[in-house]
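Only heavy atoms go into these numbers, but all of them, side chains included; no hydrogens, no water, no symmetry mates. Residue numbering restarts at 1 for every chain, and letters A, B, ... go by the order of the sequence lines.
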Amino acid sequence: MRWLFLKDLQILRRSPFLVVLLVAYPVIIAVLIGLALSRGPDKPKVAFVNEVPPGDSSLQIGSQKIDASRYASELFKAVDPIRVATRAEAIAKVRSGEALGALVVPADITRKLQDAINLSGAQDPPTLEVIYNIEDPIKAQIVESTIKARLADANTALSRQLTRLAGRYLDILLRGGSFSLLGQRFDVLGLQRSKATLDVIARRLPPGSPDARAILSVSQFAGLAIDNLDLSDQVLASVNQPLRVRRTVLQGRRTPLDRFAVAVSVTISLMFVTVLLAAGMLALEREEHAFSRLVRGLVGRLALLGEKLVLSAVCAFAVTLVMLCGIGLFVNLDWGRFGFWVAALAAGAVAFGAMGVAMGALAREVRAASLLAILVALPIAFLALVPAGAVTSSLYDVIRFVSALFPFRAALDAIGGALNAGGPGLGAALAHLAVLTAAYLALARAALRRFA
Amino acid sequence: MTVETVSDAPALRAGGVTKRFGRREALRGVSFEAAAGEVVAVIGPNGAGKTTLLSILAGIRTPTEGTVSRPPREIGWVPQQPAVYGKLSVAENLRLFARLERVADPDAAVARMLAQTGLADRADDELGVLSGGNRQRVNIAVGLLADPPVLLLDEPSSSLDPRQRERLWEFIGALAAGGTSIVFSTHNVGEAERYADRVLVLADGEVLFTGTPRALEEVVGGDHRDFEAAFVRFLHERGH
């Protein structure tokens, strides 16, 4: 087997164009798919629940009355809303995949927002609830970024109102007037009039003689001024972000989208390099008519399959590990999990290698093997990337079953799990890959017996 | 497949070899022997079972029934199309197969075969740039690397021009003279008449005749100057 392995490396070394094509093509395809994955659709479907009672959606900001529902209409410019009556219905929509996420506006949002604007000192900020099914990081990212962007718009609009209110308070402090705080009405002298009063008193009083009323007035103003300055942090906090979001996860573990895109890119490269190499090099033995010579006692069929599997897996492993390390220079990856990267890439490469030799065993020549490898690998990759909500649940079950028969989904889960501690379970994915490796090797052996 | 213990009589013996592919019988109880230094031609119409018989003798296929007296390792095999790697040089091909054959001294075996096939000056050329005749010489050289007592050739001259064929048969004749048993299949019955000591006529998986070309002509009472006509008549008389 060692001599065959060295022979194959020598053949590859003498086929530089083939090797460049074999490496460059999957990497380019993988990068393109990775880039495509990092962008979502323009208007994601989002279930929307408004629990605010009818007629209770108005806010009083200073002398102005604002309908909070107008902020919701801003949100609907960015999403395709599915209006539902209850939170439970919204969750059902997300679970079924009909909606990518749900936005719940709680019944007390207007009151809490009013409290925040009134500077009532309430500890509980107004909070919206966004519900995701982050089993699929692409969907989670789409909903999250869309809601975040719209929420930023709403917060900007509200903070504009609050800034206007804060300006009015400052004007009162400067020029004097009246305002309500905590249910009490205050008449404020204002800094300008206080200064004038103090100037007059100062002129009338003999040096060292106190005027009790003027001092009391100045004292009250000073106290109020101090109290209001104490509130300035809360005012600024409210202006900064009047509305908050609470995120609710229905199922799945979180994988950041950039890491998911990296996992997809690397898995696609791994698949193409391994499958094409394994299928092509095995088919080459038959195309060169050397197969019959080899299997008549020189090399066992299983050893021949093993040699092609090891060759393709080693080459693809090296290429994708270098690729992953290169990506790691630009994308934030957890280098502390390098050992897991190696395990996932190795297991994926071996499983893809087994699938490749099965294809090589079915085809008689290199071109047919390569075509078969591409024709099978591409649809399998795309099937495995179909998100849950894109098709009906029964069709999605069929897709999941079909995907489980090929190494792409399991390799993607393994690499995703290796890149991210919160990603899919690495152990289960590796076990899945081991089972697929054994199954494809058995298929390859049977195919060699049948078709050789 | 059962492998008999080699006795001192025939170099190769096949006994009752039968091969079935599903319900189709490709070979039906084929038996024959080849002595040391003997050249045996397997001839017959298309689909007679010639390649199947040789592939069983070579150990590529296993017979459904029957025995072959030698294991594959003791038999040299030269398939119809050159079974060598186009991206490797002549010497690299020979060295690779010598190592796979576990020849004691691969470099010495390579040198011997390069000299024997007259390819020493092309040793570093890639197979892909050689002519069909030279590729076939390398193909035969690979079959002879382990210095086997028996050499099987499946239609060895089919892709060669007349001059290359001439050189091929000279080479094979020299091997036989050195004691190597040669068994080859061919569609060219003229070659069988000229170069074989004995012919084995196969049709529909059965052995119809085994003997010298002259004996076959006598069976049909044909013209000694036209072996091909005698062969066709022989097949016709037996319903093929």
Side-chain angles (χ1 to χ4, degrees), chain A residues 1-22 277 280-308 311 315 360-361 364-367 369-370 445-452, chain B residues 1 3 21-22 51-52 54-62 68 70-89 91-103 106 126-129 135-136 138-146 148 152 154-155 159:
Chain A
M1 189 166 132
R2 176 172 53 123
W3 299 118
L4 272 185
F5 189 85
L6 292 174
K7 178 266 295 180
D8 283 339
L9 286 180
Q10 206 163 16
I11 287 175
L12 285 176
R13 192 166 58 82
R14 289 181 185 169
S15 313
F17 179 71
L18 175 73
V19 172
V20 167
L21 199 67
L22 199 62
L277 200 55
M281 293 310 280
L282 184 60
L284 184 70
E285 298 291 0
R286 294 167 74 179
E287 193 172 278
E288 301 263 39
H289 309 288
F291 178 78
S292 62
R293 185 164 258 161
L294 292 174
V295 297
R296 52 178 294 272
L298 303 187
V299 182
R301 282 180 167 83
L302 198 58
L304 186 63
L305 291 175
E307 185 267 325
K308 303 303 174 200
L311 172 83
C315 292
R364 285 184 183 276
E365 53 186 32
V366 177
R367 277 175 297 182
S370 306
R445 194 155 188 265
L448 268 192
R449 279 192 179 284
R450 177 71 183 81
F451 298 109
Chain B
M1 181 172 71
V3 175
F21 295 104
T51 299
T52 305
L54 260 63
S55 65
I56 287 172
L57 297 175
I60 296 163
R61 294 183 191 279
T62 50
V68 177
R70 284 187 185 275
R73 195 168 287 282
E74 294 178 8
I75 297 173
W77 166 239
V78 180
Q80 184 178 352
Q81 286 166 313
V84 282
Y85 299 102
K87 283 280 178 187
L88 300 187
S89 70
E92 285 166 346
N93 267 293
L94 292 173
R95 195 172 296 115
L96 169 69
F97 283 103
R99 282 167 172 158
L100 292 173
E101 294 265 13
R102 295 184 183 83
V103 171
E126 281 190 13
L127 256 288
V129 302
R135 273 205 295 270
Q136 185 66 315
V138 178
N139 193 30
I140 294 170
V142 171
L144 290 168
L145 275 166
L152 306 176
D154 187 11
E155 303 198 25
S159 60

S.K.: With no hydrogens and no angle check, is any side-chain donor or acceptor of B/K87 less than 3.5 Å from a backbone partner on B/E126?
M.R.: no
S.K.: Given a strict heavy-atom distance threshold of 4.5 Å, which part of B/L127 is in contact with chain A: side chain, backbone, both, or neither?
M.R.: neither
S.K.: Determine whether B/W77 and B/D154 satisfy the following criterion, side-chain contact (heavy atoms from CB on, under 4.5 Å), listing intermediate values before the conclusion.
M.R.: CA-CA 8 Å; B/W77 166 239; B/D154 187 11; 3.9 Å; yes
S.K.: Among B/E92, B/E101, B/Q80, which residue forms the greatest number of heavy-atom pairs with chain A at distances under 4.5 Å?
M.R.: B/E92
S.K.: Report which part of A/L294 has an atom under 4.5 Å of a heavy atom belonging to chain B: side chain, backbone, both, or neither.
M.R.: side chain
S.K.: Set out, in order, the CA-CA distance, both residues' side-chain angles and the distance that settles side-chain contact (heavy atoms from CB on, under 4.5 Å) for A/E285 and A/D8, then state yes or no.
M.R.: CA-CA 10 Å; A/E285 298 291 0; A/D8 283 339; 4.1 Å; yes
S.K.: Looking just at side-chain N and O atoms, do A/R293 and B/N139 make a donor-acceptor pair shorter than 3.5 Å?
M.R.: yes
